[in-house]
Amino acid sequence: MSDHVTAAHVTATYVIETSLPLQQAAETLAGEQSTGTFVRVERESDDLRARFAAQVVDLEELPLTGDSALPGTVGDPAQRRRARMRLRFPLDNFGPSIPNLQAAVAGNLFEIKELAAVKLVDLDLPAAFGERYGGPRFGLAGTRERMGRPDGALIGTIVKPSIGLSPADLAEVVGELADAGVDFIKDDELQGNGPTAPLAERVAAVMPVLKRYADRTGRMPMYAFNITDDIHLLEQNHDLVVAAGGTCVMVCINMVGLAGLAHVRRFTQVPIHGHRAMFGAISRSPQVGFSFRAWQKLARLSGADHLHTNGISNKFYESDDEVLVSIADVRTPLDGVGDTVPVLSSGQWGGLAHATRRAVGSSDLLVLAGGGIHGHPDGAAAGVESMRAAWASAERGETTAQALAASPELRRATERFGAVRD
């Protein structure tokens, strides 16, 4: 055995449905994703299989859900069974490389016709991945330092309208938000480097506004400029932001890929705001794809200092319980890397502060309210104040009634957004 061979493994957990006997289905998946083909071949020796084949660790049968089978599924539906299964992959098959890890744990398996469902729900990764990728460079502490907000929930917003504002209009909006005391502002994921508001012009318009505010107050809100683009343009986009004094860049992770995110992490001089746009395409179906738990580990390893998790009472498909699990997952320490800030978004406003704070048990969160700030009946400044007052009240352990009594901005917000969540 060569010197480089190690005993380290990656353990991948899946939920599958199949009409095959469960052990046979598990072995089929393990073979397809490591040494095997549909027949045993000449050089697939017992020794080779022992060293490099994925191994079935365990199987736990689960109740069927009644969901439809994936297209092209074969087998008798009456024989279908469902199970949680763990496979162990030798690290020597792919090394601590996230792209090649994905080929192993999530390559052809979604196409196996004997599987009526297959979802990757968790990954246990050895320390070698943290040693290679390093995770976030700045994390919570670096973010708080650059925002000038040492404690409490970090209150932020998304530029609205999402697209269509001229750079001059954008600068005006940013000035209003800064004066309102917001901690964080971000480009919408739809705002990249288009011809009507290119990145260079947005940076040139926004940064003088933020610098003037910082000169007056000693604190500069963080603006996450969306640098998402073709891979060869990411570094120059980042450098443009940093040269102008910017303190954050945003990357739409699924658009540039995890390897693209890791590429940005290697040269970044500011925190990376990791947006999960398009994540639903790989996660929404319970029958196929990745769970957030598995995916977020790879995103954090690749360098996301902030990572979107969604928020409670959101406008998308995830339940409150699913969102809270996602927030907890991002806050769970990952071997060998620092912390990533969970980013709550989608339908957020001040009336959700108490319920969120109670459920999460922490204010080490970046809470983004788009409509919840810009749509406040009295304008964006009142929207920011309603968020700040609500979160401060929740952090003091007060009731929602106490928060409403103390904050006219929060009371006015209820006229637009409904009752607060207890």
Side-chain angles (χ1 to χ4, degrees), residues 98 130-150 154 156 159 170-171 174 178 182-187 189 191-193 198-215 217-253 255-276 298-308 330 334 336-343 364 366 368:
I98 287 176
E131 293 165 2
R132 175 170 180 176
Y133 286 93
R137 282 189 179 273
F138 301 93
L140 176 66
T143 296
R144 285 195 179 279
E145 179 184 357
R146 284 159 182 78
M147 282 186 187
R149 187 67 67 181
L154 306 170
V159 172
L170 173 62
V174 169
V182 79
D183 298 319
F184 178 91
I185 311 165
K186 66 175 280 294
D187 284 335
E189 66 272 17
Q191 180 66 273
N193 200 15
L199 176 63
E201 293 185 19
R202 298 201 313 278
V203 172
V206 166
M207 287 312 304
V209 174
L210 295 179
K211 288 179 177 179
R212 287 194 295 270
Y213 178 82
D215 288 341
T217 67
R219 189 185 76 85
M220 189 170 77
M222 179 177 281
Y223 191 108
F225 291 97
N226 184 11
I227 67 167
T228 304
D229 214 323
D230 294 324
I231 299 295
H232 71 284
L233 298 175
L234 292 173
E235 188 165 6
Q236 72 180 49
N237 289 351
H238 161 276
D239 291 351
L240 186 157
V241 172
V242 171
T247 58
C248 189
V249 294
M250 182 174 104
V251 175
C252 294
I253 299 169
M255 283 63 184
V256 303
L258 291 162
L261 174 61
H263 174 63
V264 176
R265 191 265 181 204
R266 281 190 287 274
F267 56 73
T268 192
Q269 298 177 48
V270 295
I272 301 171
H273 186 81
H275 201 292
R276 73 179 205 177
L298 303 181
R300 290 164 61 195
L301 281 167
S302 298
D305 294 283
H306 315 154
L307 190 61
H308 281 238
V330 173
L334 193 58
V337 305
D339 52 14
T340 292
V341 182
V343 181
D364 288 334
L366 175 51
L368 303 185

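Heavy atoms only: backbone and side chains are in, while hydrogens, waters and symmetry mates are out.
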Pair Leu368-Leu366, side chain to side chain contact (heavy atoms under 4.5 Å, CB included): steps then yes or no: CA-CA 6 Å; Leu368 303 185; Leu366 175 51; 3.9 Å; yes
Residue pair Thr143, Met147: steps toward the side chain to side chain contact (heavy atoms under 4.5 Å, CB included) verdict: CA-CA 6 Å; Thr143 296; Met147 282 186 187; 3.7 Å; yes
Heavy-atom check, side chain of [X] versus side chain of [Y], under 4.5 Å:
X: Pro221; Y: Phe184; answer: no
X: Pro271; Y: Met222; answer: yes
X: His275; Y: Val251; answer: no
X: Leu307; Y: Ile253; answer: yes
X: Asp305; Y: Thr340; answer: no
X: Ile272; Y: His306; answer: no
X: Val337; Y: Tyr133; answer: no
X: Arg146; Y: Phe138; answer: yes

Steps toward side chain to side chain contact (heavy atoms under 4.5 Å, CB included) verdict (Arg144, Leu154): CA-CA 8 Å; Arg144 285 195 179 279; Leu154 306 170; 3.4 Å; yes
Under 3.5 Å donor-acceptor, Asn226 side chain and Asp187 backbone: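 Looks like no, no N/O pair under 3.5 Å.
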I need the [X] [atom1] to [Y] [atom2] distance, nearest 0.5 Å.
X: Ser302; Y: His263; atom1: OG; atom2: NE2; answer: 13.0 Å
X: Arg266; Y: Leu234; atom1: CZ; atom2: CG; answer: 11.0 Å
X: Ile227; Y: His273; atom1: CD1; atom2: NE2; answer: 12.5 Å
X: Leu301; Y: Leu258; atom1: CG; atom2: CG; answer: 9.5 Å
X: Glu235; Y: Thr268; atom1: CD; atom2: OG1; answer: 10.0 Å
X: Leu170; Y: Glu201; atom1: CG; atom2: CD; answer: 11.5 Å

Between [X] and [Y], what is the shortest heavy-atom contact and its length?
X: Val209; Y: Ala205; answer: CG2-O, 3.6 Å
X: Gly260; Y: Ile231; answer: CA-CD1, 3.9 Å
X: Ala244; Y: Lys211; answer: O-NZ, 2.9 Å
X: Ile185; Y: Val159; answer: CG2-CG2, 3.8 Å
X: Leu140; Y: Val341; answer: CA-CG2, 3.6 Å
X: Val203; Y: Pro208; answer: O-CD, 4.1 Å

Phe225 ring center within less than 6.0 Å of His238 ring center: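 No, the ring centres sit 6.0 Å or more apart.
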salt_bridge(Asp339, Arg300) N-O dist < 4.0 Å: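 No.
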Met255, Glu189, Gln191 screened by side chain to side chain contact (heavy atoms under 4.5 Å, CB included) with Thr228, the one that passes: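 Option passing the side chain to side chain contact (heavy atoms under 4.5 Å, CB included) with Thr228: Met255.
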